[in-house]
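Input: a single structure, listed below in C-alpha cells.
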Amino acid sequence: MVSPRGIGTFVVWDYLVFAGMLLISAAIGIYYAFAGGGQQTSRDFLMGGRSMTAVPVAMSLTASFMSAVTVLGTPSEVYRFGAIFSIFAITYFLVVFLSAEVFLPVFYKLGITSTYEYLGLRFNKYVRLCGTSLFIVQTILYTGIVIYAPALALNQVTGFNLWGAVVATGVVCTFYCTMGGLKAVIWTDVFQVGIMVAGFASLIIQAALIQGGIGTILNDAYNGARLNFWNFNPNPLQRHTFWTIVIGGTFTWTSVYGVNQSQVQRYISCKNRFQAKMSLYINLLALWLILACTVLCGLALYSRYRDCDPWTAKKVSAPDQLMPYLALDILQDYPGLPGLFVACAYSGTLSTVSSSINALAAVTLEDLVKPRFQSLSERSLSWVSQGMSVLFGALCIGMAALASLMGALLQAALSIFGMVGGPLLGLFALGILVPFANSIGALVGLLAGFTVSLWVGIGAQLYPPLPERTMPLSLETYGCNSTYNGTDWITTTEVPFSTSAFQVYNIERTPLMDNWYSLSYLYFSTVGTLVTVFVGMLISLSTGGRKQNIDPRFLLTKEDFLSNFDIFKKKKQVLDYKSHPIEDGGTDNPGFNHIELNCTDQSGKINGTRL
C-alpha cells in the first residue's frame with residue numbers, strides 16, 4: 001500500500017447501503033402491522049402476544065444492549081485504555097446468570113407486562129409510581145444520548161448531515177415501533193445484529209489484511225502495552241481493574257438486564273419460561289461475540305495508528321470518531337463497505353431506541369393509563385399504546401438535541417445508567433430477596449440510594465478524576481508525516497477528556513474529590529444498590545416488616561431454582577398439576593397463565609400429552 005493518502009469519503013454506494021438498512025427496518029414494521037391480523041390488543045402490541053421463541057429474543061436482547069455507544073465507544077476505549085475491557089466477558093456471564101436465576105423466575109410466574117407492576121404488587125402503588133417515573137426519565141435521557149452519539153461521530157468523519165441523521169433515525173424507529181409493536185422491534189433487532197456483526201467483520205478482516213494478519217495486530221498491541229488483562233489492584237478508585245469490572249460492572253449491567261423494562265419485556269414475551277431462560281443464555285454467546293469484535297477493532301485501531309494517533313494529531317476531534325475514521329481509511333477502496341460500517345453503528349442506535357420506545361409505551365400504559373382509566377377497551381388501549389410510541393419517539397429526538405450539549409459518550413451514558421439503575425436494582429432486590437422488606441423501607445431505601453448515587457455521580461461529572469486514576473495509555477504521533485494532513489474536515493469544538501460539559505477548572509483538589517468523587521464510574525451503581533438494600537432492610541425491621549404476610553409468589557423461592565431441572569421429569573408433571581391447582585399462579589387470568597402443560601385445551605384432547 002502507498003504511503004497513507006487522504007482518507008476516503010462517502011460515495012453513492014455507501015448512502016445506498018445505509019438507506020437500505022433503514023428501509024428494511026421500516027418494511028419489517030409494516031409487515032408486522034398487518035401479519036397475523038395486526039396488533040389487535042395492547043398485549044399483542046407490547047408483549048408480542050407472548051409467543052416468541054428463544055433465538056430471536058436472544059438476538060434482540062443483544063442488539064438493544066449493544067447500542068452505537070458500544071460500536072463507537074468500546075473500540076476507542078480499548079485503543080486508549082487497553083484490552084482490560086475484555087474482562088467484561090466474566091461480568092456478562094454473572095449478569096446473565098443473575099437475571100435468569102433471580103429476576104426472571106419471579107417476573108415470569110407473575111405474568112406482568114411492566115416490571116414496575118411488580119413493585120405495586122409487592123409494596124404499594126407509591127413505590128410503583130417512584131420506580132416508573134425514575135425509569136421514564138432515565139430512559140428518555142439515555143435514548144437521547146444514543147441517538148445523538150453516532151450521528152455526531154458520523155457527521156464529523158463523513159460529512160453525513162447531523163440533524164438529518166438524528167431525525168431520520170428517530171422517525172424510522174418510531175415508525176416501526178408504532179406500526180409493528182414488540183414483534184417488529186424483535187425482528188428488526190435480529191436483522192440489525194446481523195448488520196452489526198457484518199460491519200465489525202469487514203473492518204477486522206480488512207485491518208488484518210492491511211496490517212499483515214491478526215498476529216501482527218496482537219504483537220503491536222502487546223508492544224504498546226495494550227494487552228493489560230491482569231490488573232488486580234483492589235483500589236476502588238482505579239477506573240478499570242479486574243475488580244471494578246467484575247464487581248462494579250455486574251451491578252451496573254444487572255440493573256439493565258435484570259430489572260430494566262426494555263430487556264425484561266423481551267424475555268417475558270417468550271412462550272414459556274424455558275424459552276425465556278434460553279434466550280438469556282443464548283444472548284450471552286452473542287454478547288461475547290460482539291465483545292470480542294469490539295476489542296479486536298480497538299486493537300486493530302492501535303495497530304494501524306500506533307505511531308500516528310489521529311486524535312492527538314487533531315484529525316478527529318473526539319475518541320468516538322476513531323472507528324468511522326478507521327472505516328473510511330481502510331475500506332475506501334471498497335465502495336459500500338464504509339456505508340456498511342455506518343449502518344452497523346446505526347443498527348446499534350435503532351435497536352436500542354426502538355426497545356426504549358416500546359418499553360416506555362408499555363410502562364406508561366400499564367402503570368399510568370390502566371390504573372386511571374379502567375373502562376378502556378382492548379382496541380382503544382392498542383391505539384393508546386401506538387400513540388404513546390409516537391409521543392416518546394418525538395421526546396427522544398428532543399433529548400438528542402439536549403445530548404448535543406453533553407461530553408464524552410460512553411461514560412455519560414453509563415454514569416446516567418449507574419445513577420438511576422443502581423437504586424432501582426436495590427429496590428427490586430429488596431422485594432425479591434428480602435421477605436421482611438416493607439413499603440416504608442423500600443421508599444426510604446430508594447431515596448437514600450438515589451441521593452448517594454446522584455451525589456457521587458454529579459460530583460464526578462463536576463470534578464473528573466485525575467489521569468492517574470483513569471490510567472490512559474500512551475499514544476504516539478511521531479509517525480505523522482506533515483505533508484499528509486488530508487483536508488481539514490473537522491469542524492467541531494475540541495472536547496477535553498472529561499465526561500461532561502459542566503466541568504469546574506483550576507480549583508484546589510480536596511480529599512473529598514480525590515477519594516469519593518474519583519470512585520470508578522462502574523461503582524456508582526454498586527453504591528446505589530447497596531445503600532438502597534441496607535437502608536431498606538434497617539427501616540423495614542424498625543417499622544414492623546417481620547409482621548407482614550407476603551404471598552410467596554412475590555419472592556424468590558428454592559422451587560424457582562429447582563424447577564430448572566423439571567425438564568427431566570416432564571411426563572410426571574402433567575399429572576401433578578391436576579392435584580395441585582394452587583400452584584397455578586396465573587390461572588385466574590387466563591391471558592397470563594404461565595403453565596403450558598395444562599392438557600385441557602383442544603390440542604391436548606387430541607394428542608394426549610402434547611408437550
Side-chain angles (χ1 to χ4, degrees), residues 39 41-48 50 103-104 106-143 177-178 181-182 185 255-256 258-269 354-378 380-393 395-396 417 420-421 423-432 437 439 442-443 445-447 449-450 532 551 553-554 586 589 591-592:
Q39 310 291 324
T41 62
S42 65
R43 186 164 155 254
D44 276 345
F45 184 79
L46 300 171
M47 307 278 297
R50 277 203 143 181
F103 295 103
L104 183 142
V106 180
F107 293 148
Y108 204 89
K109 69 184 169 190
L110 291 173
I112 48 189
T113 303
S114 143
T115 39
Y116 303 100
E117 238 174 296
Y118 170 78
L119 296 176
L121 294 169
R122 171 72 173 79
F123 298 116
N124 60 19
K125 62 169 190 274
Y126 302 111
V127 182
R128 177 179 177 175
L129 209 66
C130 268
T132 306
S133 36
L134 273 180
F135 169 76
I136 291 177
V137 172
Q138 171 195 13
T139 309
I140 293 176
L141 276 174
Y142 181 67
T143 313
C177 282
T178 310
L182 187 72
V185 172
S255 65
V256 178
V259 301
N260 189 325
Q261 175 68 25
S262 26
Q263 303 288 52
V264 174
Q265 188 172 354
R266 283 190 175 63
Y267 54 69
I268 288 185
S269 70
S354 60
S355 55
S356 300
I357 292 177
N358 199 279
L360 285 166
V363 166
T364 317
L365 189 77
E366 288 296 322
D367 296 340
L368 305 175
V369 178
K370 272 188 187 171
R372 306 277 179 291
F373 312 101
Q374 286 164 356
S375 55
L376 288 173
S377 70
E378 270 299 344
S380 54
L381 279 176
S382 185
W383 284 112
V384 170
S385 42
Q386 290 184 314
M388 288 293 167
S389 295
V390 175
L391 171 74
F392 282 119
L395 265 178
C396 290
F417 250 110
V420 185
L424 276 180
L425 176 64
L427 186 58
F428 280 99
L430 269 176
I432 290 175
S439 46
L443 272 174
L446 181 67
L447 280 173
F450 197 48
T532 304
D551 185 332
R553 285 186 309 155
F554 300 155
N589 173 356
F592 288 125

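Predicted model only: the values in this text are computed from it and were never measured.
Taking OG of Ser354 as the reference point, atom CG of Leu182 lies at 9.5 Å (rounded to 0.5 Å). Taken from CD in Gln263 to CD1 in Ile268, the straight-line distance is 12.0 Å, to the nearest 0.5 Å. Taken to the nearest 0.5 Å, the CD1 atom of Ile140 stands 4.5 Å off from the CG atom of Leu395. In this structure, Thr364 OG1 and Ile136 CD1 are separated by 4.0 Å, a value rounded to the nearest 0.5 Å. Atom CG of residue Asn260 and atom CZ of residue Phe103 lie 12.0 Å apart, to the nearest 0.5 angstrom. How far CD of Glu366 is from CD1 of Ile112: 9.5 Å, rounded to the nearest 0.5 Å.
Using a 4.5 Å cut-off on side-chain heavy atoms (C-beta onward), Val106 and Arg553 make no contact. With contacts defined as side-chain heavy-atom distances shorter than 4.5 Å, the pair Phe123/Leu427 qualifies. No side-chain heavy atom of Asp367 sits less than 4.5 Å from a side-chain heavy atom of Leu129. Inter-residue side-chain proximity for Leu446 and Cys130 is flagged as met; some heavy-atom pair is nearer than 4.5 Å. Val369 places a side-chain heavy atom less than 4.5 Å from the side chain of Met388. No side-chain heavy atom of Thr139 sits less than 4.5 Å from a side-chain heavy atom of Phe392.
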May I have the step-by-step check of side chain to side chain contact (heavy atoms under 4.5 Å, CB included) for Lys370 and Leu381, ending in yes or no? CA-CA 9 Å; Lys370 272 188 187 171; Leu381 279 176; 3.5 Å; yes

For Ile432 and Tyr118, what are the C-alpha separation, side-chain angles and deciding distance, and is it a side chain to side chain contact (heavy atoms under 4.5 Å, CB included)? CA-CA 10 Å; Ile432 290 175; Tyr118 170 78; 3.4 Å; yes

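The shortest heavy-atom contact between Gly181 and Asn358 is C-ND2, 3.5 Å. Of all heavy-atom pairs between Leu430 and Ala437, the closest is O-CB, 3.8 Å. In plain terms, the two heavy atoms of Ala362 and Thr113 that are nearest each other are CB-CG2, 4.4 Å. Here the closest heavy-atom approach between residue Phe135 and residue Leu360 is recorded as CE2-CD2, 3.9 Å. In terms of heavy-atom proximity, Ser355 sits nearest to Arg266 at CB-NH2, 2.7 Å. What you find for Arg128 and Pro371 is that their closest heavy atoms are NH2-CG, 4.5 Å.
Residue Phe107 is tested with Tyr267, Phe428, Tyr116 for a ring pair (Phe, Tyr, Trp, His ring centres under 6.0 Å); the sole match is Phe428.
Of the N and O atoms on the side chains of Thr115 and Gln261, at least one donor lies less than 3.5 Å from an acceptor on the other residue.
Between the side chain of Gln265 and the backbone N or O of Ser262, no donor-acceptor pair lies under 3.5 Å.
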